[in-house]
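What you see is a predicted model, and the numbers here were worked out from it, not measured in a lab.
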Amino acid sequence: MSVQKPSIPQGTRDFGPAVVARRTYIFGVIRRVFEKFGYAPLETPTLENLSVLTGKYGEEGDQLLFKVLNSGNFLKKQKGDVIKEQVTADDLLAGAKAVLPKIAEKGLRYDLTVPFARYVVMNRGTLVFPFKRYQIQPVWRADRPQRGRYREFYQCDADVVGTDSLLCEAEIVLMMSEVLTSLGLTDHTIKINHRRVLGAFYQALGGEGTEVDLFTAIDKLDKIGREGVGKELAERGFSAEATEKLFDLLGVAGSFDEKLDRLLAAFVTAGVEPDGADGYQGLQDLRRVLEYLRGFGFEKWDNLEFDVTLARGLSYYTGCIFEIKINNVNMGSVSGGGRYDNLTGAFGLPGVSGVGFSFGVDRLYDCLEELSLFPEAVAATTRCLIANFDAESETAVLPVLRRLRAAGVATELYPESTKLAKQFKYADGKGIPYLLLQGSEERAAGQFKLKTLATGQEQTLTLDEVLTELAG
RNA sequence: GUAGAUAUAGCUCAGCUGGUUAGAGCGUCGGAUUGUGAUUCCGAAGGUCGUGGGUUCGAGCCCCAUUAUUUACCCCA
């Protein structure tokens, strides 16, 4: 048998001990915040039926789904003597779209929102509404990997279903802010916008082109600039006048409040039809969120921006939309979310509103790494290594090992009697801060030598003193 | 799906217009040192130069193909 070079699939990664420790740290911060806000954990299967997944993410999304081949002989089914062809020649002629449903009925989870919606519908009878859940699990996308983009990555979702209250939106801002602050990512911008504000732009331009074309162009403003957006809009059938008008609207400046006021005036001037009870729903919603935040005593106003160019999740978001950008790192958004009025409609439960958002842990990790924001202590595993001198010392030190562990000190005994240099290197390489030595000399005196590797300091102590030192 | 870049030791990379036996640092292992790491000194192991073809007297280097990785676009966390 030939030896093969081991490899892992494109866009996937192994996580070594140090990386896992750091990832666990991020998960912990996020989980604590989610739970503090009253969200309860949910886990769903890695595999979903393809019927659940397809059609939920648009055409592009369907292509990015990982499909799982049916197990067994997916070409034929045999029952007794009757053999039934699963895939016929006609199917093959008809192409991949005809063949796929016959050979694959399962797929890997693409995000956490759709499985959540499915779960809500399946369990609607037993859930207490409004239902608040968080979910921290990997998702898979058959995308081309690049910076900050992987084929397997973790999302941390928090969503509420069964309420229209804008309190939820305000709390999302609070949770985002708290997580980022806890992680030390202080130079961030939480961007907020509203789908209906975008809709009002479309109306103000006089109904040229299509909404989606307009919104995707708007979203690129900070990336390709006015010129690029103008060019793209022209190609999509927007007149130069409309584009000019759009830039006037997008150029709205000032504080959150001022932008709301100025847009209101602009919409009235442009003759945009009010879509809310008494005015423009998008602006009203945003104002309400703002009021909630003031009521909460939110303080990080510099990190919150009403960004009228923010457009995302166009195929399903209907209300407020969110995104987080870490400013001092070149990285795509580390979090995004929004409200969808008809989350569960596709599964036969219409009229249930949901709002939620998601952190991308892998991108957060990359940001923290780049900014060196991981706390030192996160990497620590074993706290104390007991040196192994010889067979006699190995035996003598076993009760010590037990006592240290009983006291809650992560301790290991080097498993072989070998030269101390090697044992030191082991401790050093593993980042173990303390080395405990008891050779024949110390044993005769009933004492131990405790060495702090970082400083090279050595203390001669009794076991009780060692315990006090290490437990602290 | 579209376009570019890269592929040489376990890791990071040198390698001249194509020219004898393929180089360094780090790491690993052994020794100086049978009770002291990270710092010192000496030594050793480790490579079908991604893969398959081609050009050439001769290819790590040039050409073609292929695979993998990576960056950007689209889209997204």
Side-chain angles (χ1 to χ4, degrees), chain A residues 2-13 16 26 30 57-64 109-113 136-157 176 212 215-217 219-220 223-224 228 232 311-317 321-326 330-338 356-367 385 387-390 393 414 417-443 448-458:
Chain A
S2 67
V3 178
Q4 61 169 10
K5 212 175 178 181
S7 64
I8 54 175
Q10 186 181 45
T12 66
R13 296 147 301 154
I26 301 175
I30 294 173
Y57 310 106
E59 193 140 336
E60 292 224 15
D62 285 354
Q63 288 180 351
L64 298 181
R109 187 197 302 129
Y110 178 89
D111 73 355
L112 300 178
T113 308
I136 300 180
Q137 290 190 277
V139 303
W140 291 266
R141 295 183 188 177
D143 224 344
R144 299 291 287 258
Q146 53 185 273
R147 181 182 170 85
R149 174 175 304 185
Y150 307 99
R151 289 187 142 184
E152 176 183 60
F153 62 97
Y154 269 73
Q155 289 195 325
C156 303
D157 271 42
M176 286 175 157
V212 174
F215 298 166
T216 43
D219 194 45
K220 290 181 197 161
K223 207 169 189 177
I224 59 177
E232 184 155 333
R312 48 169 298 114
L314 295 171
S315 53
Y316 41 97
Y317 290 133
I321 44 186
F322 306 96
E323 189 168 283
I324 298 178
K325 177 87 184 79
I326 307 299
N330 174 24
M331 181 72 61
S333 72
V334 297
S335 176
F357 73 110
S358 178
F359 281 111
V361 171
D362 306 83
R363 285 188 178 174
L364 283 174
Y365 184 99
D366 293 344
C367 290
L385 178 71
N388 193 331
F389 284 91
D390 46 45
S393 115
Y414 196 83
S417 312
T418 182
K419 359 190 302 179
L420 279 184
K422 194 163 181 178
Q423 305 191 35
F424 267 90
K425 274 187 183 170
Y426 176 78
D428 194 46
K430 213 174 159 180
I432 299 173
Y434 293 99
L435 192 68
L436 187 66
L437 304 105
Q438 190 187 45
S440 50
E441 290 168 30
E442 291 86 357
R443 193 156 63 250
F448 295 84
K449 231 180 219 175
L450 183 66
K451 179 152 177 166
T452 310
L453 268 80
T455 60
Q457 270 186 341
E458 282 187 4

Pairing pattern in dot-bracket form [Watson-Crick, G-U; both distances under 3.5 Å; | = partner strand] for RNA chain B: (((((((..((((.....[...)))).(((((.......))))).....(((((..]....))))))))))))....
Pairing residues for Ser335(A) by the side chain to side chain donor-acceptor pair (under 3.5 Å) criterion, not counting sequence neighbours: none
Not counting sequence neighbours, which residues clear side chain to side chain donor-acceptor pair (under 3.5 Å) with Asp143(A)? List them please. Arg149(A)
Considering every strand and a 4.0 Å limit on heavy-atom distances, what is the contact class for [X]: base, sugar-phosphate, or nothing?
X	answer
Gly61(A)	nothing
Ser358(A)	nothing
Tyr154(A)	nothing
Ala421(A)	sugar-phosphate
Gly148(A)	base

Determine whether the aromatic ring of Phe424(A) stacks with the base of A38(B), defined as ring centroids separated by less than 5.5 Å and ring planes inclined by less than 30°.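 No, Phe424(A) does not stack on the base of A38(B).
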So, using side-chain contact (heavy atoms from CB on, under 4.5 Å) as the criterion, who are the partners of [X] when residues are at least two apart?
X	result
Thr418(A)	Tyr414(A), Lys422(A), Gln423(A)
Arg147(A)	Val329(A), Asn330(A), Met331(A), Glu370(A)
Gln438(A)	Val397(A), Glu442(A), Arg443(A), Phe448(A)
Gln137(A)	Glu43(A), Thr44(A), Arg109(A), Leu112(A), Gln135(A)

Got a sec, which residues hit salt bridge (Lys or Arg N to Asp or Glu O under 4.0 Å) with Lys220(A), two or more places apart in sequence or on another chain? Glu232(A)
Counting only side-chain nitrogens and oxygens, does [X] get under 4.0 Å of the OP1 or OP2 atom of [N]?
X	N	result
Gln10(A)	U69(B)	yes
Gln146(A)	U70(B)	no
Lys220(A)	C73(B)	no

Rounded [atom1] spacing from [N] to [M] in Å:
N	M	atom1	value
A9(B)	G46(B)	P	15 Å
G37(B)	U28(B)	C1'	16 Å
C42(B)	U51(B)	P	35 Å
U34(B)	A38(B)	C1'	22 Å
U70(B)	U33(B)	C1'	47 Å
G27(B)	C11(B)	P	15 Å
C57(B)	A44(B)	C1'	37 Å

Kindly say whether, by distance alone, the side chain of Glu458(A) makes a donor-acceptor pair under 3.5 Å with the base of U36(B)?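 Answer yes: a donor N or O sits under 3.5 Å from an acceptor.
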Tell whether Arg149(A) reaches the base of C75(B) with its side chain through a donor-acceptor pair below 3.5 angstrom.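 Indeed there is one.
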Contact residues, residues 359-366 of chain A to RNA chain B [heavy atom, < 4.0 Å]: Arg363(A)
Contacts under 3.5 angstrom, residues 450-458 of chain A side chains, donor-acceptor by atom type, not counting sequence neighbours:
| residue | atom | partner | partner atom | Å |
| --- | --- | --- | --- | --- |
| Thr455(A) | OG1 | Gln457(A) | N | 3.3 |

Residues that Tyr365(A) engages under ring pair (Phe, Tyr, Trp, His ring centres under 6.0 Å), provided they are two or more places apart: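 By the ring pair (Phe, Tyr, Trp, His ring centres under 6.0 Å) rule, Tyr365(A) matches Phe374(A).
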Polar atoms only, N or O, under 3.5 Å: list the protein pairs with nucleotides 31-35 of chain B and their distances.
| residue | atom | partner | partner atom | Å |
| --- | --- | --- | --- | --- |
| G35(B) | O6 | Glu441(A) | N | 3.2 |
| G35(B) | O6 | Glu442(A) | OE1 | 3.4 |
| G35(B) | N1 | Glu442(A) | OE1 | 2.9 |
| G35(B) | N1 | Glu442(A) | OE2 | 3.0 |
| G35(B) | N2 | Glu442(A) | OE2 | 2.7 |

